[in-house]
Amino acid sequence: MDNEKTIRITSFGYLHGAAPDARITLDLRHHFRDPHVNPELRYLTAHDQAIHDAVMATDGIEQLIQAAEAMVDAYLAGPRQDEPVTVAVGCAGGRHRAATVASVLAERCASRGLDVDLVHRDLDKDVVDR
């Protein structure tokens with residue numbers, strides 16, 4: 001990968017461990033509606049259309065993704081281009097909000113010709129009872 005145009009995006013759940021090291025960290029836990037509270041959505045993941053739709057319909061999510069894109073662009077414009085731009089997107093469990101936002105951000109960056117490495121650290125872990 002050409003580091004000048006490489007973006008590494010990791011989604012994760014704070015309930016499964018600390019945030020990964022990243023230049024940009026988005027914490028979705030407290031400001032955005034959690035699909036986990038809906039029993040019909042709780043055991044689904046960001047791979048399911050119902051989760052994607054619920055997260056993307058949340059007020060403020062679109063603006064947050066656009067802001068994250070702008071932050072990625074700012075880092076890419078900076079003078080240090082010897083390492084990828086790293087983005088960590090976290091929520092409580094890592095199965096719904098974080099994974100959806102990370103996937104959408106990755107798709108948008110890739111559609112602009114950037115090399116994107118997307119990892120869902122906690123997507124396949126068990127639902128955390130809370």
Side-chain angles (χ1 to χ4, degrees):
M1 282 188 192
D2 175 8
N3 282 342
E4 287 187 34
K5 302 293 181 188
T6 300
I7 312 302
R8 288 192 185 139
I9 302 171
T10 303
S11 72
F12 69 97
Y14 284 94
L15 295 174
H16 294 290
D21 288 338
R23 295 285 178 243
I24 303 165
T25 301
L26 305 176
D27 182 348
L28 308 180
R29 289 178 291 179
H30 303 292
H31 295 287
F32 301 100
R33 181 178 58 241
D34 186 357
H36 178 92
V37 300
N38 180 339
E40 294 176 7
L41 300 178
R42 183 169 300 147
Y43 293 95
L44 301 177
T45 72
H47 293 308
D48 296 297
Q49 191 64 45
I51 294 298
H52 177 86
D53 293 347
V55 171
M56 293 307 295
T58 301
D59 290 341
I61 287 291
E62 178 60 37
Q63 293 90 331
L64 180 75
I65 294 169
Q66 290 175 12
E69 285 183 89
M71 292 175 73
V72 165
D73 288 342
Y75 276 94
L76 290 173
R80 184 169 178 189
Q81 299 298 327
D82 60 338
E83 60 185 39
V85 174
T86 51
V87 182
V89 184
C91 63
R95 297 170 47 92
H96 302 122
R97 294 168 290 178
T100 299
V101 168
S103 294
V104 171
L105 179 61
E107 290 169 11
R108 292 184 185 179
C109 288
S111 74
R112 296 177 19 220
L114 300 172
D115 289 325
V116 178
D117 177 21
L118 174 63
V119 174
H120 294 299
R121 185 186 83 182
D122 302 324
L123 180 71
D124 294 322
K125 291 187 178 168
D126 290 339
V127 171
V128 176
D129 290 327
R130 48 191 166 109

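Just so you know, these numbers use all the heavy atoms, side chains as well, and skip hydrogens, waters and symmetry mates. One-based numbering along the sequence shown. As the structure is a computational prediction, the values presented were derived from the model and not from experiment.
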(request) Quick one: pull up SG in C91 and CG in D122 and give me the separation to the nearest 0.5 Å. (result) 8.5 Å
(request) State which residues pass salt bridge (Lys or Arg N to Asp or Glu O under 4.0 Å) with D27; sequence neighbours excluded, sorted by chain then number. (result) R29
(message) Restricting to side chain to side chain donor-acceptor pair (under 3.5 Å), what partner residues turn up for H120, sequence neighbours left out?
(response) S11, S103
(request) Applying side chain to side chain donor-acceptor pair (under 3.5 Å), name anything that partners T86, two or more places apart in sequence or on another chain. (result) none
(message) According to side chain to side chain donor-acceptor pair (under 3.5 Å), who are the partners of R95, at least two apart in sequence or on a separate chain?
(response) none
(request) With sequence neighbours excluded, tell me which residues meet salt bridge (Lys or Arg N to Asp or Glu O under 4.0 Å) with D53. (result) none
(request) Is it possible for you to say whether L118 and L114 belong to one hydrophobic cluster, with membership spreading through side-chain heavy-atom contacts below 4.5 Å? (result) yes
Side-chain donor-acceptor distances from residues 12-25 under 3.5 Å, at least two apart:
residue : atom : partner : partner atom : Å
H16     : NE2  : G93     : O            : 3.4
R23     : NE   : E83     : OE2          : 3.4
R23     : NH2  : E83     : OE2          : 2.5

(message) Enumerate the salt bridge (Lys or Arg N to Asp or Glu O under 4.0 Å) contacts for residues 55-65, please, sequence neighbours excluded, ordered by first and then second residue.
(response) E62-R108
(message) For the CZ atom of R33 and the NE2 atom of H96, what is their distance to the nearest 0.5 Å?
(response) 13.0 Å
(request) Would you check if F32 and L64 make a side-chain contact, meaning some heavy-atom pair closer than 4.5 Å? (result) yes
(request) Answer yes or no: is there a side-chain heavy-atom contact under 4.5 Å between I51 and T45? (result) no
(request) Heavy atoms only: give me the nearest P35-R97 pair and the separation to one decimal. (result) CD-CG, 3.8 Å
(request) Answer yes or no: is there a side-chain heavy-atom contact under 4.5 Å between V104 and H52? (result) yes
Pairs under 3.5 angstrom only: tabulate donor-acceptor contacts from the side chains of residues 36-44 to other protein residues two or more places apart or in another chain.
residue : atom : partner : partner atom : Å
N38     : OD1  : E40     : N            : 2.8
R42     : NE   : H36     : O            : 2.8
R42     : NH2  : H36     : O            : 3.0

(message) According to a hydrophobic-cluster definition based on side-chain heavy atoms being under 4.5 Å apart (Ile, Leu, Val, Met, Phe, Trp, Tyr only), do L123 and V116 belong together?
(response) no
(request) Report yes or no: do L76 and L26 belong to one cluster of Ile/Leu/Val/Met/Phe/Trp/Tyr joined by side chain heavy-atom distances under 4.5 Å? (result) yes
(message) Can you confirm whether M71 sits close enough to V85 that some side-chain heavy atom of one is under 4.5 Å from a side-chain heavy atom of the other?
(response) no
(request) Enter the distance from Q66:CD to L105:CG here, rounded to the nearest 0.5 Å. (result) 11.5 Å
(request) Please identify each residue that fulfils side chain to side chain donor-acceptor pair (under 3.5 Å) with R121, with sequence neighbours left out. (result) none
